[in-house]
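Read the structure below first, then the notes.
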Amino acid sequence: MTITRPPVPAGPSDDVPPYEPWAGEDEALAEAAVAGRRAAAWVRSLPGPSASVPVGTWLAGELPAAIEAAMGGLDPEERDHVDEGGAVVDGTGGVDAATMETLSAVPRVIPEAVWLTPDQQVRLLAVAFAVTGSVRLIANDPGGAILHGLLARLCAVLDHAARPDGAESARDL
């Protein structure tokens, strides 16, 4: 596979046209924020350990806060781009590095959450990956994410993963 760099914009950096929102952007981002709040609520509802341990505190506090921050902070304007020197710059999708680090810690933390069922552990992994995937999707391809419903599809995955036990999706809350 050959990866080609996008062309460098001509003219000075102030020659770049202003950002124009995608059709349906506000609605897509609002739904993503709502899905993030539902997922965070599910994470907070998980049972805690019988004794206080750092992982239990992290799962009840930092992780759901990161889920809400990421899904509520998605910003298509913070997409991948080419700088003035022609180098490709990875966009953030509107989410800071500390939030992404918290989300990326889920696979390392899950083995320590022995009080959770395997189903809950798998669903936590799915939540973390759906959120980080949403961020990267907005950074890499905001048009596809918004115009072609890819972000909405990841929100549906997020809802399914964060569903209460016995419910079809988190929307049943």
Original post:
Under 3.5 Å, is there a donor-acceptor pair between the side chain of Q121 and the main chain of A113?
Top reply: yes

Are [X] and [Y] joined in one hydrophobic group, where the rule is that I, L, V, M, F, W and Y side chains link up if heavy atoms are under 4.5 Å apart?
X: W42; Y: L125; result: yes
X: L29; Y: L150; result: no
X: V127; Y: V34; result: no
X: L103; Y: L158; result: yes
X: L151; Y: V157; result: no

If you take all heavy atoms of [X] and [Y], which pair is closest and at what distance?
X: R44; Y: A65; value: NH2-N, 3.9 Å
X: E112; Y: R108; value: OE2-O, 4.0 Å
X: G61; Y: P64; value: O-CD, 3.4 Å
X: G94; Y: E78; value: N-CB, 3.5 Å
X: W115; Y: P47; value: NE1-O, 2.9 Å
X: A139; Y: G91; value: CB-O, 3.6 Å

For the atom pair [atom1] ([X]) and [atom2] ([Y]), what is the distance rounded to the nearest 0.5 Å?
X: T92; Y: R136; atom1: OG1; atom2: CZ; result: 8.0 Å
X: E101; Y: D96; atom1: CD; atom2: CG; result: 11.0 Å
X: I146; Y: I138; atom1: CD1; atom2: CD1; result: 4.5 Å
X: E77; Y: R79; atom1: CD; atom2: CZ; result: 7.0 Å
X: E62; Y: I67; atom1: CD; atom2: CD1; result: 12.0 Å

Original post:
By side chain to side chain contact (heavy atoms under 4.5 Å, CB included), which residues pair with L154, not counting sequence neighbours?
Top reply: S134, L137

Original post:
So, do M71 and C155 sit near enough that their side-chain heavy atoms are less than 4.5 Å apart?
Top reply: yes

Subject >> Side-chain touch V109/L124, heavy atoms, less than 4.5 angstrom >> reply: no

